[in-house]
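One structure is given here, and the rest of the page talks about it.
Residue indices begin at 1 and follow the sequence shown. All values derive from a computational prediction rather than experimental measurement. As a basis for the values below, the full set of heavy atoms in this structure was taken, side chains included, without hydrogen atoms, waters or symmetry mates.
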Amino acid sequence: MRTKNSVYNIIGVIALYITKILFNFVGKTVLIRVMGDQYNGVSGLFANVISVLAIAELGIGSAIVYNLYKPVKENDIPAVKSLMRFYKKCYHIIAAVVLAAGLCILPFVRFFAVDVSVNESVYVLYLFYLADSVVSYFFAYKRSLIYVYQKNYIISIFDVLYNFTLQVSQILVLLFTHNFLLYLFVMVICRIAENICIHIYANKKFRFLSDKDAEPISDNVKKDIVTKVKGLLFHNIGTYVVMGTDNILISRLVGIVEVGFYSNYNAVFGPLASILKQVITAVQASVGNLLVEKDYEKNYKIYRRLELVNFWLYSAVSISVFYEIQYFMTIWLGERYLFSNGIVFCLALNFWQTGMRNAPAVFKGAAGIFYEDRFVPIIESVINIVVSIVLALKFGIIGIFLGTFISSLCLFLYSYPFLVYKKVFNRSPKEYFVSLLVFAIEWLLIFVLMGAIAGVYDRIITIDNRVIDFIVRGVTIFISSNLVLLIIYGRSEEFKYYFNLVKGKL
């Protein structure tokens with residue numbers, strides 16, 4: 001059943017993000033063509049600023065999801081109802097805190113939007129993004145219950161409908177009115193509608209959510225949640241500072257137009273990272289269910305299988321995107337919007353190394369390891385801010401991305417080897433470091449080899465149609481990188497497991 005649910009979840013996630021990528025590209029293209037670079041930059045900047053408010057969530061969701069695994073597995077409905085009642089109260093409080101904190105940031109909006117030149121008040125624009133963030137918290141706890149029951153694909157269906165409705169509505173608004181405020185108003189309305197739909201579905205699927213007899217959670221469970229929340233608070237801060245401050249730093253140190261350029265590249269890297277991450281993390285509920293059994297060898301065997309898929313996907317995609325994205329940007333927006341190849345390499349490298357977190361992070365989250373490494377994200381954040389600013393002042397925008405890469409190594413060097421490997425698998429951290437080093441060397445070798453193949457392609461193949469040339473070139477590089485990975489791992493136990501799994505299904 002765990003495998004079946006995981007497969008459904010992965011299929012749902014893939015369908016979601018493929019449609020999401022297509023919708024987002026069309027929407028962003030219309031935004032740039034109709035409203036211009038300034039509005040594109042504002043959109044990326046304020047989305048980034050608002051993401052800091054996610055710290056107010058404190059990680060309560062992850063802590064409660066962890067505590068839901070066991071009662072859901074044992075079908076302990078009273079315990080599930082108690083946790084969901086507590087969860088609901090927490091998220092209503094969080095919504096209020098996010099609103100209050102967002103309003104406190106309002107007077108300082110101009111500090112972030114230094115050279116923004118748009119017709120509307122930047123304060124009003126910011127309030128729309130704040131409203132979108134606040135309303136998303138009211139029914140978030142019901143999403144988590146669907147997730148714990150391993151029905152992620154249901155959430156994917158709602159997200160596809162939401163994204164389709166949002167993008168179509170916003171495109172029509174821009175084309176017929178050129179009104180950016182109405183564009184943002186549609187964003188908030190669609191968010192509310194999506195949450196109401198999930199609320200109705202969850203109430204029908206889990207009728208016990210309507211019961212009024214839920215008991216307060218026990219002191220032991222509350223204590224465990226509080227402990228994990230303390231650790232997750234640091235992780236939330238670290239995640240935001242490392243992954244969420246690039247647009248703010250670019251705006252302050254380089255300019256708002258460059259924020260728009262980065263958001264264009266992020267329109268490729270972001271959805272791809274999301275879809276691959278969701279493919280890997282779609283199994284987390286199943287892993288949480290597995291870890292209840294406390295079988296170290298079985299845990300490690302599943303981890304190695306997940307790790308291979310993670311490395312394979314992120315390597316093939318990151319390398320293929322690096323060699324193709326400049327061609328894509330030229331076709332999509334024009335040469336004026338291109339970053340240098342050095343900057344694009346940093347983006348591809350960050351894409352890969354961030355993706356390599358997924359497999360150990362799935363087991364770390366499923367095992368409830370949040371408090372033990374609570375200070376690592378703070379160290380990571382300090383390194384990121386200091387190194388990014390220093391390198392940005394010396395090298396420009398590429399320094400910001402290098403700072404992100406350097407600071408992100410903290411989790412790889414401590415949390416995963418000394419907490420996940422030792423606690424979840426009962427194995428030596430040395431095994432982790434050797435595996436990570438091998439993966440890094442293999443990625444670099446495949447990267448260089450694909451560069452040689454791309455060079456040969458450019459010399460011997462000439463296709464007049466740029467779009468067809470882009471597709472043929474991309475398919476060539478993607479297939480070549482996968483063939484190299486097949487040669488390396490085709491005889492491994494992990495690959496044979498997946499091969500036999502597919503063979504059995506066929």
Side-chain angles (χ1 to χ4, degrees), residues 44-45 47-49 51-55 59 62 112 231-254 258-259 262-263 265-266 269-270 273-274 276-277 310-311 314 318 322 339 342-362 364-365 369-421 429 432-433 436-437 439-440 443-444:
L45 174 63
N48 214 174
V49 172
S51 66
V52 71
L53 301 176
I55 294 172
S62 298
F112 304 112
L232 282 162
L233 171 61
F234 292 103
H235 284 281
N236 284 359
I237 294 172
T239 298
Y240 169 74
V241 173
V242 175
M243 302 299 177
T245 56
D246 285 349
N247 279 340
I248 295 174
L249 290 174
I250 293 170
S251 177
R252 286 291 303 173
L253 301 175
V254 186
E258 283 72 16
V259 173
Y262 174 48
S263 73
Y265 281 85
N266 221 25
F269 282 109
S274 296
L276 296 184
K277 182 177 181 179
N310 192 60
F311 170 71
Y314 272 89
S318 62
F322 171 79
F339 275 152
I343 294 174
V344 177
F345 175 78
C346 288
L347 294 177
L349 182 62
N350 280 338
F351 174 88
W352 180 79
Q353 67 88 12
T354 302
M356 288 300 292
R357 294 179 176 205
N358 291 339
V362 164
K364 183 175 180 290
I369 301 173
F370 306 122
Y371 188 74
E372 292 84 342
D373 63 340
R374 59 195 179 280
F375 295 119
V376 171
I378 301 303
I379 297 171
E380 190 180 12
S381 301
V382 173
I383 293 173
N384 180 73
I385 293 295
V386 173
V387 174
S388 293
I389 292 175
V390 171
L391 293 182
L393 292 174
K394 188 172 181 64
F395 301 110
I397 194 170
I398 195 171
I400 295 173
F401 301 132
L402 285 173
T404 299
F405 173 77
I406 292 169
S407 62
S408 295
L409 296 177
C410 293
L411 279 170
F412 288 105
L413 299 179
Y414 176 74
S415 296
Y416 299 148
F418 295 103
L419 295 178
V420 176
Y421 255 62
Y432 168 82
F433 287 118
L436 184 62
L437 180 61
F439 282 142
W443 185 84
L444 285 171

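- For the atom pair L391 CG and I398 CD1, the distance stands at 9.5 Å (nearest 0.5 Å).
- Aromatic ring centres of F401 and Y265: separated by at least 6.0 Å.
- Here CG of N358 is found 5.0 Å from CG of N310. Values are rounded to the nearest 0.5 Å.
- Residues S388 and G403 share a closest heavy-atom pair of OG-CA, 3.4 Å.
- Note: F269 and F351 have tilted aromatic rings, judged against thresholds of 30 and 60 degrees for the angle between ring planes.
- Of the inter-residue distances, the one linking N350 atom CG with F345 atom CZ reads 10.0 Å to the nearest 0.5 angstrom.
- Atom OG1 of residue T404 and atom CD1 of residue I385 lie 9.0 Å apart, to the nearest 0.5 angstrom.
- In summary, of the residues considered (V387, T354, L349), a side-chain contact (heavy atoms from CB on, under 4.5 Å) with F405 occurs for L349 alone.
- Interatomic distance, CG of L402 versus CG of N384, reported as 11.0 Å (0.5 Å rounding).
- Relative orientation of the F311 and W352 rings is perpendicular, given thresholds of 30° and 60° on the angle between their planes.
- Separation of atoms CG (L393) and CD1 (I400) is listed at 9.0 Å; rounding is to 0.5 Å.
- The heavy-atom pair separating W443 from S318 by the smallest distance is NE1-OG, 3.0 Å.
- Contact of the Y262 side chain with the I343 side chain is not registered, since no non-hydrogen atoms from C-beta on lie closer than 4.5 Å.
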